[in-house]
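One is the number of the first residue; the rest follow in order along the sequence.
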Amino acid sequence: MTAAQPAADCLFCRIISGEVAAHVVLESEVAVAFLDHRPVFKGHAIVVPRAHVVTLTDLPAPLVGPFFSECSA
């Protein structure tokens, strides 16, 4: 599987690349999680795939599992 090219106008891609500062709370091979800049609830985190996708339905099938399966920490 090849990762989609980052989109220059995508804020999430810019955060992942380090171009835009964010408080990153988790990084993995497939995802990055960071605190919401203006959270409705304190501590709200946004989890995004490293590969650029426009909508959740565009997420490649092999990446669905890491986002929606239960993890054991």
Same apolar cluster (I L V M F W Y, side chains within < 4.5 Å links), Val30/Val47: yes
Set of side-chain contact (heavy atoms from CB on, under 4.5 Å) partners for Leu56, sequence neighbours left out: Leu59, Phe68
Short side-chain to backbone donor-acceptor contact, Arg50 and Glu27, under 3.5 Å: no
Non-neighbouring partners of His44 that pass side chain to side chain donor-acceptor pair (under 3.5 Å), sequence neighbours left out: Asp36
Joint cluster assignment, Val20 & Ile46, ILVMFWY side-chain distance < 4.5 Å: yes
For the student: nearest non-hydrogen atoms of Val53 and Pro60, plus distance: CG1-CD, 4.2 Å
Let me have the donor-acceptor pairs involving side chains of residues 10-17, under 3.5 Å, with sequence neighbours excluded, atom names and distances please.
{"residue": "Arg14", "atom": "NE", "partner": "Glu19", "partner atom": "OE2", "Å": "3.1"}
{"residue": "Arg14", "atom": "NH2", "partner": "Glu19", "partner atom": "OE2", "Å": "3.4"}
{"residue": "Ser17", "atom": "OG", "partner": "Cys13", "partner atom": "O", "Å": "3.4"}
{"residue": "Ser17", "atom": "OG", "partner": "Arg14", "partner atom": "O", "Å": "3.0"}
{"residue": "Ser17", "atom": "OG", "partner": "Glu19", "partner atom": "N", "Å": "3.4"}

Set of residues satisfying side chain to side chain donor-acceptor pair (under 3.5 Å) with respect to Thr55, sequence neighbours excluded: Thr57, Asp58
